[in-house]
Amino acid sequence: MKEIKHYINGEYVGSANGRLFDNVNPANGKVISRVHEAGREEVDAAVKAARAALNGPWGRMTVEQRTAILHKVADGINARFDEFLEAECQDTGKPKSLASHIDIPRGAANFKVFADLIKNVAAEAFEMATDDGTGALNYAVRRPKGVIGVISPWNLPLLLMTWKVGPALACGNTVVVKPSEETPTTTALLGEVMKEAGVPDGVYNVVHGFGGNSAGAFLTEHPDVDAYTFTGETGTGETIMKAAANGVRQVSLELGGKNAGIVFADCDMDKAIEGTLRSAFANCGQVCLGTERVYVQRPIFDEFVARLKAGAEELVIGPPDDERSNFGPLISLKHREKVLSYYQKAVDDGANVITGGGVPDMPAELAHGAWVQPTIWTGLQDDSAVVTEEIFGPCCHIRPFDTEEEAIELANSLPYGLASALWTENVTRAHRVAGQLEAGIVWVNSWFLRDLRTAFGGSKQSGIGREGGVHSLEFYTELKNICVKL
Ligand SMILES: NC(=O)c1ccc[n+]([C@@H]2O[C@H](COP(=O)([O-])OP(=O)(O)OC[C@H]3O[C@@H](n4cnc5c(N)ncnc54)[C@H](O)[C@@H]3O)[C@@H](O)[C@H]2O)c1
Ligand SMILES: O=C/C=C/C=C(\O)C(=O)O
């Protein structure tokens, strides 16, 4: 059986404690590899390697040298595209048709975009007057923040990890990555690409394991990490923030959501249906930006529900290699238990189950997979847990509204604020509503349309800080002001 090891100081190493855990393909329940679980010893070795590399060749490279290497990393991912694709789809069960368009290309793009950005970004300068008339000049320079702890989730493993590692390395930092225990493979494979691209040893380190009382906690408790960037659940974000408070380390947190879609009667119905289908069901509903609450203006409510139902029922459930498949399994049987508990709760709370609500019949070879049906409900009260809590599954609740004010109030009613999608052909309304939604990202007549130069992150309990474009540079560098008396 294949073993997945830590990548520390340019070498793949096993755990001294001898502990390994199973990596399961959620499409069929088969164990695909055994993963080493880091103890404090491996985490400490990884942090030490990262510190040494920061003070070593990486820290002394020019921006041009560093960014040329990062372009080679991106090229290296593309050169081994099929290997990354296979690994990502085995770990997650997601359709290859999805991962080949989103996960792997974005893995490469995340290095190119930030390598190019860092070469062109300016820092501020201010001339000032002084009493003696000679004046002074202030100018700022950017310096790497140091050793960055990167903790990433399982839903878009390579994409979300490189979304952090790309800018961190472009800014001259070194990293210790703790990928999700569910999806260790592409993060491990990236070590080989780093080596081939000429990234010095110790710049990119990977430790595997779980969260609490395992690699995740050991990394966030390590005193020699300068800052943490985390994507995952809001509750985990709180725990990481507390750990980072020791030593006053900065955090960037991209957390959970319960995102609203708002569909006005003046929308282009075809676009609204296509976009809402993707936002509710892509990646089996396991996208932080996904829509789990849909508010539809009353005159088009029945038509919208009927068309979304028809679209959901046309989704092709199947394994990654099936070219027709556009709907894979959940990440694990454990996560399916959680999702199915909400399916049951919806019924208990009196929902109309418009479609789905259970587990699909699958052929024998897939019977042990974490399959679940795409599900749509109507008729729930606004305070049902199904409508207020993040489920992170392929499901949404649709509720009618009458006025614009009501839609805004409903959308803003929860403590989350990650993303919203609104659908209207009235341009004035689009701007007016978008400006009032409490969310870090608002899409108008689209969903998950990403320009990597833009600010990305959540408001309220959906996160702290923004990444993307210059905002990533803000987090991954220290801006130092130098004041020169003339
Ligand atoms: N806002 C965003 O950009 C964004 C993007 C993707 C996913 N998400 C969110 O992520 C969640 C799904 O991902 P998940 O289930 O992997 O999240 P999770 O919080 O369970 O785990 C994420 C990572 O944190 C680690 N971890 C868990 N407990 C830890 C601890 N005590 N200390 C240190 N590390 C710990 C895990 O091992 C994993 O690597 C959803 O809530 C989703 O909304 C948010
Ligand atoms: O599941 C969450 C998706 C997050 C997407 C990004 O962070 C991105 O597109 O950069």
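Predicted, not measured: the structure shown is a model, and the values here were computed from it. Counting starts at 1 for both ligands and their atoms, in listed order.
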Atoms in ligand 1 flagged as close to Pro153, the criterion being non-hydrogen separation under 4.0 Å: 13 (O), 14 (P), 16 (O)

Residue and atom name of the nearest protein heavy atom (relative to atom 12 (C) of ligand 1), distance in Å to one decimal: Phe392 CE2, 3.5 Å

Aromatic ring pairing Phe448/Trp443, orientation class (parallel under 30°, perpendicular over 60°, tilted between): tilted

Test item: side-chain donor near acceptor, Thr185 and Gln90, under 3.5 Å: no

Arg453 atom CZ: more than 12 heavy-atom contacts under 6.0 Å: no

Sub-4.0 Å atoms of ligand 1 with respect to non-hydrogen atoms of Leu418: 1 (N)

Distance flag, aromatic centroids of Tyr476 and Phe114, threshold under 6.0 Å: no

Ile151: numbered ligand 1 atoms lying under 4.0 Å from its heavy atoms: 23 (C), 24 (O), 25 (C), 34 (N), 39 (O)

For atom 19 (O) of ligand 1, closest protein heavy-atom neighbour: Thr236 OG1, 2.7 Å

Numbering as shown, the atoms of ligand 1 that approach Gly256 to under 4.0 Å (heavy-atom distance): 41 (O), 43 (O)

Atom 17 (O) of ligand 1: the protein heavy-atom neighbour that sits closest, reported with distance to 0.1 Å: Glu233 N, 3.5 Å

For atom 10 (O) of ligand 1, the option (of Ser332, Gly232, Pro157) bearing the nearest heavy atom: Gly232

Contact partition for Pro179 relative to ligand 1, non-hydrogen atoms under 4.0 Å: backbone

Whether over 12 other heavy atoms sit under 6.0 Å from Asp451 CG: yes

Closest protein heavy atom (residue, atom, distance) for atom 7 (O) of ligand 2: Leu160 CD2, 3.2 Å

Atom 5 (C) of ligand 2 [closest protein heavy-atom partner, distance rounded to 0.1 Å]: Phe456 CZ, 3.6 Å

Phe456 neighbourhood, listing ligand 1 atoms whose heavy-atom distance to it stays under 4.0 Å: 3 (O)

Exercise check, heavy-atom protein proximity under 4.0 Å to atom 37 (O) of ligand 1: yes

Residue, atom name and distance, where the atom is the protein heavy atom closest to atom 3 (C) of ligand 2: Cys288 SG, 3.1 Å

Min N/O separation Arg106 to ligand 2 under 3.5 Å: yes

Within 45° cone of Trp371 ring axis and under 6.0 Å: Arg336 NZ or CZ: no

Euclidean distance, Asn205 CG relative to Lys178 NZ, rounded to 0.5 Å: 15.0 Å

Electrostatic pair Lys96-Glu86, nearest N-O below 4.0 angstrom: yes

Gln286 contact mode with ligand 1 (heavy-atom cut-off under 4.0 Å): neither

Partner set under ring pair (Phe, Tyr, Trp, His ring centres under 6.0 Å) for Tyr12, not counting sequence neighbours: Tyr7

Contact partition for Leu160 relative to ligand 1, non-hydrogen atoms under 4.0 Å: side chain

Side chain, backbone, both or neither: the part of Asn155 lying under 4.0 Å from ligand 1 by heavy atom: side chain

Lys145 NZ/CZ over Phe475 ring centroid, <6.0 Å and within 45° of normal: yes

Test: Lys112 and Asp116 ion pair at under 4.0 Å: no

Nitrogen or oxygen atoms of Trp154 and ligand 1 under 3.5 Å apart: yes

Numbered atoms of ligand 1 (with element) below 4.0 Å of Thr239, judged on heavy atoms: 31 (N)

Test applied, salt bridge (Lys or Arg N to Asp or Glu O under 4.0 Å); reference residue, Lys258; option that passes from Glu292, Glu389, Glu438: Glu292

Under-4.0 Å salt bridge between Glu274 and Arg278: yes

Test of proximity, Thr234 against ligand 1: N or O pairs below 3.5 Å: no

Asn155 neighbourhood, listing ligand 2 atoms whose heavy-atom distance to it stays under 4.0 Å: 1 (O), 2 (C)

Aromatic ring pairing Phe21/Phe210, orientation class (parallel under 30°, perpendicular over 60°, tilted between): tilted

Carboxylate-amine/guanidinium proximity below 4.0 Å for Lys5 and Glu11: no

Close-contact set for ligand 2 against Val287 heavy atoms, below 4.0 Å: 1 (O)

Leu255 N/O under 3.5 Å from ligand 1 N/O: yes

Charged N-O contact under 4.0 Å between Asp226 and Arg249: no

Part of Leu156 with heavy atoms under 4.0 Å of ligand 2, whether side chain, backbone, both or neither: side chain

Sidechain N-carboxylate O distance under 4.0 Å for Lys164, Glu467: yes

Enumerated ligand 2 atoms positioned under 4.0 Å from heavy atoms of Arg450: 8 (C), 9 (O), 10 (O)

Salt bridge Lys48-Asp224, side-chain N to carboxylate O under 4.0 Å: no

Check: Lys178 N/O within less than 3.5 Å of ligand 1 N/O: yes

Option with minimal heavy-atom separation from atom 39 (O) of ligand 1, where the choices are Gly209, Gly216, Gly149, Ser152: Ser152

contact_flag Gly212 ligand 1 heavy-atom lt 4.0 Å: yes

Polar contact flag for Glu390 and ligand 1 (N/O pairs, less than 3.5 Å): yes

Glu182 contact mode with ligand 1 (heavy-atom cut-off under 4.0 Å): neither

Taking atom 5 (C) of ligand 1 as the reference point, the nearest protein heavy atom with its distance: Cys288 SG, 2.8 Å

Closest to atom 35 (C) of ligand 1 (judged by heavy-atom distance), picking from Gly458, Gly211, Gly457: Gly211

For Met194, the option from Leu70, Val165, Val203 that meets side chain to side chain contact (heavy atoms under 4.5 Å, CB included): Val165

